[in-house]
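Step one of this worksheet: look at the structure below.
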Amino acid sequence: MIRLSLIYLLCTTVYALRPTSIPPLLDVPVYSLSTLCGDHDREGSPSSARTNMNILTYACPVSIQPDRIWCISLYRGTLSHKNFTLERRGILQLLRAATTHREEEGVTKGVGELIRVLGGSSGRDVDKGRICAELGHSWERLPVGRGGGEDPNDDDDDDDKHNWPEVLPSCLYYLKLELVGDMINCGSHEVALCKVVAMISSEEVIPGSAELDILSTRELRERSIISELGRII
């Protein structure tokens with residue numbers, strides 16, 4: 001009887017539940033959302049480019065039929081939030097692990113620089129396109145004729161290509177998103193339900209069972225690029 005009481009006491013002590021203000025430290029994929037800048041932000045900005053990009057980790061598929069629906073969350077007040085709200089479209093880019101660094105003469109350089117530019121600065125203040133090009137990540141347009149939608153005949157034409165923003169090179173996946181309904185106010189962020197109108201991969205064939213070489217928040221934390229709260233360091 002005494003032994004059972006001790007075992008019960010030990011178990012209830014080790015697994016005792018208590019309130020906490022610390023959220024779970026999750027390991028999730030890292031994306032960049034590319035959006036179109038309207039005339040409202042191009043005038044007087046450091047860049048005349050129509051494209052802006054950020055770093056985004058709040059993204060998740062929520063439905064597959066009759067349309068593929070993804071959910072993304074954007075920080076209110078940012079240029080990406082404003083662009084996506086007004087233009088109602090963007091390209092979600094799944095970043096590779098190698099995106100955080102590049103090799104020059106056998107030496108790893110630029111660790112975290114791209115992430116800090118896209119996620120730690122505003123397109124209202126800096127020319128992200130120019131800086132990315134200097135880091136070896138020149139923005140480009142997705143190729144014509146590779147719509148990637150549910151309809152195999154639904155290819156992009158040349159006019160439509162310019163209605164979409166530019167993208168980073170060599171991302172694992174590009175998802176063309178269009179906003180469904182209105183943005184959902186969640187306080188610091190607004191949530192968008194988006195229809196996936198096209199999926200494009202930089203790989204020829206990606207088996208469903210293959211593990212993608214994605215960039216994750218764990219790697220960014222281990223490299224001291226972001227804090228445990230997810231902020232750029």
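The structure presented is a predicted model; accordingly, all values stated were derived computationally and were not measured. Numbering of residues begins at 1 and proceeds along the displayed sequence.
Contact annotation: the side chain of Arg124 approaches that of Lys82 to within less than 4.5 Å [non-hydrogen atoms, C-beta and beyond]. Looking at heavy atoms from C-beta onward, Asn163 lies in side-chain contact with Arg89 at the 4.5 angstrom threshold. The side-chain heavy atoms of Leu94 and Cys171, taken from C-beta on, include no pair separated by under 4.5 Å. Within the 4.5 Å cutoff, the side chain of Glu190 has heavy atoms near those of the His81 side chain. Contact check for Cys132 versus Leu114: side-chain heavy atoms found under the 4.5 Å cut-off. Two residues are said to be in side-chain contact when any heavy atoms from C-beta on lie closer than 4.5 Å; Thr35 and Thr51 fail this criterion. Side-chain atoms of Leu74 and Leu33, non-hydrogen and from C-beta on, do get closer than 4.5 Å to each other.
Here Leu25 contributes atom CG and Thr217 contributes atom OG1; the two are 7.0 Å apart, rounded to the nearest 0.5 Å.
Shown are Leu212, Ile214, Ile200; of these, the side chain to side chain contact (heavy atoms under 4.5 Å, CB included) with Tyr173 is made only by Leu212.
No side-chain N or O of Thr78 forms a donor-acceptor pair with one of Asn54 less than 3.5 Å apart.
Annotation for Val167 and Ile91: closest pair CG1-CD1, 3.7 Å, computed over non-hydrogen atoms. Considering all non-hydrogen atoms of both residues, Leu36 and Glu87 come closest at O-CG, 3.5 Å. Scanning all heavy atoms of the two residues, the minimum distance from Leu168 to Gln93 falls at N-OE1, 2.6 Å.
Between His189 and Tyr58, the ring-plane angle classifies as tilted under the 30° and 60° cut-offs.
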(request) Check the pair Thr57 / Leu26 against side-chain contact (heavy atoms from CB on, under 4.5 Å), numbers first and verdict last. (result) CA-CA 11 Å; Thr57 57; Leu26 303 178; over 6 Å; no
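Summarising the local packing, CG of Asp213 is surrounded by more than 12 heavy atoms from other residues, nucleotides or ligands at distances under 6.0 Å.
Between the side chain of Lys176 and the main chain of Gly90, no donor-acceptor pair closer than 3.5 Å is present.
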